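Contents: one structure, followed by commentary.
Note that ligands are numbered from 1 as they come in the structure, with each ligand's atoms numbered from 1 the same way. Keep in mind it's a predicted model, so treat the numbers as computed, not measured.
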Amino acid sequence: MTPDIRPLIAGNWKMNGTRAELDQIKAIADGVKTPLSQQVDTLLCPPITLLYVATALCDDSPLLVGAQDCHHKVCGAHTGDISAEMIADCFGTHVIVGHSERRGDHAETDHLVRAKAEAAHAADLVAIVCVGETLDERDAYQTLDVLKRQIFNSVPADANAQNTVIAYEPVWAIGTGLTPTRGDIEVAHAFMRAELVELMGREGAGVRILYGGSVKPANASEILGIDNVDGVLVGGASLKAEDFLAIYAACEPHVVKAA
Ligand code: PEP
């Protein structure tokens, strides 16, 4: 972790979850009501169909609720899309933009991702901007070049430490059970920290940089202990309250050490 940066444990449910799983959201909302919540932020991004009900369930909980994507425009003829303003209207606080599944499935470019982050900021949402290399790019030793390009082209000019979070998610690590080595995560996060400082000046030193890709209760503590890892973005393991809460609890020794 980075001293003085409040960590964020975020869950991305992707296209999973119906009303039958609201009990898991309730269990997470109740489970994060511990003293650790004074030092660690938690966020869940369920499918948009559950967003409004989820925010109501979290009314008396520190658990924040967000969305997984937004359109870059405020409103208009965009069938099936959701605007940042609509997310805010349902009391969502964050929105993930540029997830590799969106970049891949919907051919989203860095420039579109930046426009979505700008739309998020205009609606007073925190944008979680995802970056990360594919396996081919990794094998070609292009990881840092990809991160540099994605950060410079996807992070908007109005980004600051309050309205923007970066999530480093190597595409090959998502949902595969594979993770980079500790050393690889350390190098990537230190590189991104330096790039953010180059881009945003001192403000970049305070931006949260999450790691995402096959984070589980078993590896969370090791990953959270790496320098410049200011939390995690969790896919599969966020679907079960027990696993999400175990990852949240894994922050404890690290925040105690940082205090
Ligand atoms: C994700 O897609 O954001 C993710 C990190 O997925 P998983 O944890 O399942 O690898």
Check if [X] has a non-hydrogen atom at a distance under 4.0 Å from any atom of ligand 1.
X	result
K216	no
A237	no
A173	yes

Which residue and non-hydrogen atom of the protein lie closest to atom 3 (O) of ligand 1, and at what distance in Å?
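Checking every protein heavy atom, the shortest distance to atom 3 (O) of ligand 1 gives E169 OE2, 2.8 Å.
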When you measure from atom 2 (O) of ligand 1 to every protein heavy atom, which one gives the shortest distance, and what is it?
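The answer is K14 NZ, 2.5 Å.
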Does ligand 1 come near enough to [X] that some N or O of the ligand is less than 3.5 Å from an N or O of the residue?
X	value
G236	yes
H99	yes
T176	no

Judged by modelled atom types alone, do H121 and T164 share a side-chain donor-acceptor pair under 3.5 Å?
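Note: H121 and T164 side chains meet the donor-acceptor criterion.
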Distance-only donor-acceptor check, side chains Q68 and H99, under 3.5 Å:
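Side chains of Q68 and H99: no pair found under 3.5 Å.
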What verdict does the salt bridge (charged side-chain N to carboxylate O under 4.0 Å, His left out) test give for D110 and R149, after you've listed the backbone C-alpha separation in whole Å, the side-chain angles of each residue and the deciding distance to 0.1 Å?
CA-CA 8 Å; D110 288 341; R149 191 198 71 225; 3.3 Å; yes
Over 60° means perpendicular and under 30° means parallel, so classify the ring planes of F91 and Y52, tilted if in between.
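Parallel.
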Is the closest basic N to carboxylate O distance between [X] and [Y] below 4.0 Å?
X	Y	answer
D69	K14	no
E108	R103	no
K33	D30	yes

Given G175, G132, G235, which has its nearest heavy atom closest to atom 10 (O) of ligand 1?
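Nearest option to atom 10 (O) of ligand 1, by heavy atoms: G175.
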Polar side-chain atom of H71 near backbone of I82 as donor-acceptor pair, under 3.5 Å:
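Not a single qualifying donor-acceptor pair exists.
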What atoms in ligand 1 come closer than 4.0 Å to a heavy atom of S214?
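Reading through ligand 1 atom by atom, the close ones are 7 (P), 8 (O), 10 (O).
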Atoms in ligand 1 with a heavy atom of G213 nearer than 4.0 Å:
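Atoms satisfying the 4.0 Å criterion: 5 (C), 10 (O).
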Heavy-atom distances under 4.0 Å decide this one: backbone, side chain, both or neither, for I174 against ligand 1?
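For I174, backbone and side-chain atoms both sit under 4.0 Å from ligand 1.
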